[in-house]
Structure formats: C-alpha cells, structure tokens
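Everything below concerns the one structure shown next.
By convention here, the first residue in the shown sequence is residue 1. Counting starts at 1 for both ligands and their atoms, in listed order.
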Amino acid sequence: MEKIRIVLAGPRGRMGREAVALIQETENFELVAAVDRIHDGEYISDIEGMPNVKAPIYTDIERCFQAVKADVLVDLTTPEIGRIHTKKALEYGIRSVVGTTGFSEEDLKELKELAEEKGIGCIIAPNFAIGAILMMKFSQMAAKYFDDVEIIEMHHDQKLDAPSGTGLKTAELISEVRETKQQGHPEEKELLTGARGANYDGIRVHSVRLPGLIAHQEVLFGGFGQGLKIRHDSYNRASFMSGVKLAVDTVMKVDTLVYGLENIID
Ligand code: NAP
C-alpha cells in the first residue's frame, strides 16, 4: 500500500500532538518531517512526551520541502504562520490540509488561485469535528424557517481569533438562505460596547473564552412562542482527528481549494 507522506507543522501544539498520534496509528499515513518554531535538526522522538517517531524537525518550511519528499502538509499552527506555510506548500506542489483558523477572505482567495494554478488540492477546515459540521448544516436548514438567530461560540481562553472560524462559517451559511435582517429593537443601544456581539448580516455572534472549555457552540433561533437551540460540544481534541484523516485522504483526490469539511462529507 502506498503511504501518504505527511509534513506536520505545529507538532508540539495541542492539535499537533493529536495529529502525531493519528498519523502514527493510520496505516496509510507516514510522518516524514515536522515544522516547528524550535528543535531544528532534532527528531520528533527527541521531544518530551512524543512517540518514538524518527521524523526530522525543521524550523524553515522551504528547507523542509527541499530535503524531504512529501505529499501533504498538515498545518496546525497560527494564522500568521499558517498562511505562509500553506502558500509555500502549494508553491512546492505539495497539497495542504489546514486546521489553523483565522485566515482572512483575502488569504483564502489568494490560496484558491494558487491551488488552481498548480492544479492541486488544498483543504482548509475551520472545524474538523463531524458533529460541528452537522450543527452548521442543521442551522442552515432551520434558518429557512426562523430568521431571528444568534450564535454563541465558546472556546478555551488560549484561542487567538474571535469569532471562531466555525461561528463565522455558521453565520455565512445561515445568511445564504436568510433575507438580510437587523435583529432586536431598531432603537436598541449598547450600554457596554460589544454587549450585543458582533454583527454578520444582522446575525449576532458572541464569543466566550474561558479556561476549561475546548470548542462548543450554540445556535439559538427564536420565533413566535417557540425557540430552537442547536448545540455541539467538542470535549477533547481527539474529536477533530477523524475529520483530519478524512481531509488528508480526500486532498489527494481533489485539484482545487475546498473550504469547509461540509464540502467533502455527504
Ligand atoms: P497551540 O496548542 O497553541 O499550538 C500551536 C502550535 O503552533 C504551537 O506548538 C506553536 O509553537 C506552533 N507554532 C507557532 N508558530 C510556529 C511557527 N512559526 N512554525 C511552526 N510552528 C509554530 O494551538 P492548538 O489548540 O493546537 O490549535 C492550533 C490551530 O488549530 C489554531 O489555529 C486553532 O484555532 C486551530 N484549531 C482548529 C480546529 C479545527 O477543527 N480545524 C480545532 C482546534 C483548533 P509554540 O508553542 O512554540 O508557539
């Protein structure tokens, strides 16, 4: 069986550590190198708490791509470096699976053009949890019947971007089927700035950041005399790994940029 050769960026991170375990336990995946901010010239197995994997570590992604033959970059870092990694991978003809969140519309447009120019796949998924994808799909279904909706996304307090990629994506999907509408009283006033949350096409999006949380979201719909709440919880980072596996297998078969796991599951 031919293995998919993977370079992992961000192996010491919370998602990265889960991804190392996933790659190790998946028969057709092979970790050929890692890109880290530190540990240049060492091996994954040299890092405390890591499994005995003899994959070399590079701090410079270009040096990594020049030295190692790779099929897919899996990026689980930060938006600033993740966008550079993804661009470099595509330039080197290497497919990408990106879990890093916080990319701008401009980043996505530039990466899409590059993927198309190179004719290779790139999957960027703000949420790899299959349950979260279903939550977004169900929310879009419900929004056809309930046009008053607020999103509350809740994450751990180390998260850098707000709202979350999933919160934003949910708002985008809802606004595709919902007439633009400013919710609440037309003359409402915020006594504290931000009290009503961010505004996406009239949909209010609230971001909660607390230690102890992982990734959770509620989509609240209100109608006359009734309410509907759709909620998803990721209780640990392993919840994202079946989505990463699906994305790595799928990225080998597509030749464009796909944004969102919902576009690769039925
Ligand atoms: P994390 O624990 O902070 O891990 C980020 C890792 O990236 C750290 O090891 C960090 O190293 C490393 N890093 C930073 N700059 C780097 C560079 N220049 N080169 C290489 N590595 C670098 O964060 P996390 O919770 O694992 O999340 C990682 C990303 O995935 C975030 O964008 C998060 O929002 C996203 N995420 C996505 C999903 C999804 O389903 N798509 C789910 C959860 C999280 P240092 O510690 O040395 O800075």
Side-chain angles (χ1 to χ4, degrees), residues 7-22 33-42 44 47-50 55-65 73-89 96-104 107-108 122-136 153-170 207 209-217 232-248 250-251 258-265:
V7 169
L8 173 65
R12 279 179 304 108
R14 287 158 295 192
M15 287 287 280
R17 284 177 187 268
E18 292 290 341
V20 171
L22 168 80
V35 178
D36 195 355
R37 231 164 34 81
I38 52 178
H39 295 296
D40 195 39
E42 296 181 46
I44 284 289
I47 302 177
E48 209 191 317
M50 285 287 187
I57 299 172
Y58 296 84
T59 46
D60 183 319
I61 202 158
E62 289 207 64
R63 231 168 8 90
C64 173
F65 291 152
L73 166 74
V74 173
D75 191 274
L76 299 164
T77 59
T78 65
E80 291 70 33
I81 194 70
R83 70 168 70 90
I84 297 170
H85 285 167
T86 312
K87 195 166 167 221
K88 287 284 168 219
S96 294
V97 167
V98 182
T100 306
T101 58
F103 284 16
S104 67
D107 296 330
L108 296 174
C122 176
I123 296 177
I124 301 180
N127 201 322
F128 281 122
I130 309 282
I133 305 307
L134 293 174
M135 168 190 65
M136 288 192 266
E153 57 90 348
M154 295 157 274
H155 284 81
H156 57 90
D157 62 348
Q158 299 304 302
K159 186 165 177 61
L160 294 175
D161 49 319
S164 68
T166 304
L168 200 54
K169 184 78 191 172
T170 309
S207 297
R209 297 290 176 265
L210 286 173
L213 295 176
I214 302 285
H216 317 260
Q217 181 168 298
H232 175 261
D233 296 276
S234 275
Y235 298 117
N236 59 38
R237 287 174 180 79
S239 66
F240 303 114
M241 292 303 130
S242 56
V244 174
K245 182 174 182 304
L246 176 69
V248 171
T250 308
V251 82
V258 179
Y259 179 66
L261 206 65
E262 63 279 11
N263 295 307
I264 60 170
I265 64 170

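- For Pro126, every heavy-atom contact with ligand 1 shorter than 4.0 Å involves the backbone, none the side chain.
- Contact between Tyr58 and Ala33 at its shortest, heavy atoms only, is CE1-CB, 4.1 Å.
- For Arg12, a nitrogen or oxygen atom sits less than 3.5 Å from a nitrogen or oxygen atom of ligand 1, counting backbone and side chain alike.
- Annotation: Phe128 places an N or O atom under 3.5 Å from an N or O atom of ligand 1; distance criterion only.
- Of the protein's non-hydrogen atoms, Arg14 NH2, 3.5 Å is the one closest to atom 23 (O) of ligand 1.
- Smallest separation of non-hydrogen atoms from His232 and Gly131: CD2-C, 3.3 Å.
- In terms of N/O distances under 3.5 Å, ligand 1 is approached by Gly13.
- Ligand 1 has at least one atom lying under 4.0 Å from a heavy atom of Arg237.
- For ligand 1, the polar-atom distance check finds no N/O of His156 at less than 3.5 Å from any of the ligand's N/O atoms.
- Remark: minimum distance from atom 42 (C) of ligand 1 to any protein heavy atom is reached at Met15 CE, 3.4 Å.
- Residue-to-ligand polar distances keep Thr78 apart from ligand 1: every N/O pair is separated by 3.5 Å or more.
- Not a single heavy atom of Gly102 sits less than 4.0 Å from an atom of ligand 1.
- Residues Asp107 and Ser104 bring a donor and an acceptor atom of their side chains to less than 3.5 Å of each other.
- Scanning all heavy atoms of the two residues, the minimum distance from Ala247 to Phe128 falls at CB-CE2, 3.9 Å.
- Nearest-heavy-atom check against atom 29 (C) of ligand 1 across Thr101, Ile133, Thr77, Val98 picks out Thr77.
- Remark: Lys87 NZ is loosely packed, at most 12 non-hydrogen atoms of other residues, nucleotides or ligands lying under 6.0 Å away.
- Inclusion of Ala129 in the set of residues having an N or O under 3.5 Å from an N or O of ligand 1 is not warranted.
- Summarising the geometry of Val251 relative to Ser96, their closest heavy-atom pair is CG2-O, 3.5 Å, with the distance given to 0.1 Å.
- Remark: of the listed residues Glu153, Gln158, Lys159, Glu153 is the sole one forming a side chain to side chain donor-acceptor pair (under 3.5 Å) with His155.
- Scanning Gly99, Gly165, Ala247 for the heavy atom closest to atom 35 (C) of ligand 1 points to Gly99.
- Checked against a 3.5 angstrom limit, the closest N/O atoms of Ala125 and ligand 1 fall inside it.
- If you run side-chain contact (heavy atoms from CB on, under 4.5 Å) between Glu262 and each of Ile130, Ile133, Asn127, only Ile133 comes through.
- For atom 20 (C) of ligand 1, a protein heavy-atom neighbour is found at a distance under 4.0 Å.
- Only the side chain of Ile81 comes within 4.0 Å of ligand 1, counting heavy atoms alone; its backbone N, CA, C and O stay farther away.
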